[in-house]
J.: 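Here it is, the structure, as structure tokens.
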Amino acid sequence: QVQLVESGGGLVQTGASLRLSCAASGGMFSRHALGWFRRAPGKELEFVATISRSGADTDYADSVKGRFTISRDNTKKTVYLQMNSLNPDDTAVYSCAARHTILTVPNSRDNRDYPYWGQGTQVTVSS
């Protein structure tokens, strides 16, 4: 089992940047694909980004492409989400998620494919 703990959220102004971190414990971190999802008030859980086991393959939601960057450090068992040019539409609770995969499995945008979740960290962007 993998345990995930997010950090790095906060209150920022439009145009600012934040970097979220998600530290893992337990399990074989390097054998897990990782994803970031978010839930805005009154809205469904939304896919943000995902990264493969090695970090070579990434995928982004159209709403964050070009502004957000997902990365991972397998030696530190940590996945990051660098968020630039934030705007009020990015306000949400951001959660990281993990799923054990084999190398040939493509990244997934479906939150139902991820059995392991962190508790989330709040990101609030003021206008």
J.: Go through the structure and list residues passing salt bridge (charged side-chain N to carboxylate O under 4.0 Å, His left out) with Lys76, not counting sequence neighbours.
T.: none
J.: Tyr60, Phe37: one ILVMFWY side-chain cluster at the under-4.5 Å cut-off?
T.: no
J.: How far apart are the C-alpha atoms of Ser95 and Glu6, what are their side-chain angles, what is the distance that settles it, and do they pass the side chain to side chain contact (heavy atoms under 4.5 Å, CB included) test?
T.: CA-CA 7 Å; Ser95 298; Glu6 302 94 336; 3.7 Å; yes
J.: Check the pair Arg67 / Asp90 against side chain to side chain contact (heavy atoms under 4.5 Å, CB included), numbers first and verdict last.
T.: CA-CA 11 Å; Arg67 299 188 298 123; Asp90 296 316; 2.7 Å; yes
J.: Consider only side-chain N and O atoms of Tyr94 and Arg38, and report whether a donor and an acceptor are under 3.5 Å apart.
T.: yes
J.: Is a side-chain donor-acceptor pair under 3.5 Å present for Ser108 with Asp110?
T.: no
J.: Donor-acceptor check, side chain of Thr14 to backbone of Ser126, threshold 3.5 angstrom: yes or no?
T.: yes
J.: Applying a strict under-4.5 Å side-chain criterion to I, L, V, M, F, W and Y, I'd like to know whether Phe47 and Leu34 cluster together.
T.: no
J.: What pairs meet the side chain to side chain donor-acceptor pair (under 3.5 Å) rule with one or both residues in residues 49-59, with sequence neighbours excluded?
T.: Thr50-Tyr114, Asp59-Arg109
J.: With sequence neighbours left out, write down each residue that passes salt bridge (charged side-chain N to carboxylate O under 4.0 Å, His left out) with Arg72, or none if nothing qualifies.
T.: none
J.: Kindly compute the distance separating CZ (Arg39) from CD (Glu44), expressed to the nearest 0.5 Å.
T.: 6.5 Å
J.: Sorted by first residue and then second, give each disulfide (SG to SG under 2.5 Å) pair with at least one member in residues 46-114; sequence neighbours left out.
T.: Cys22-Cys96
J.: Verify side chain to side chain contact (heavy atoms under 4.5 Å, CB included) between Trp36 and Leu20, making sure each step is shown before the conclusion.
T.: CA-CA 10 Å; Trp36 284 98; Leu20 305 183; 3.7 Å; yes
J.: Provide the closest heavy-atom pair for Thr121 versus Gly9 in the form atom of the first, atom of the second, distance.
T.: OG1-N, 3.2 Å
J.: For residues 43-77, pull every pair meeting disulfide (SG to SG under 2.5 Å), keeping only residues two or more places apart or in separate chains.
T.: none
J.: By ring-ring contact (aromatic ring centres under 6.0 Å, His included), which residues pair with Phe29, not counting sequence neighbours?
T.: none
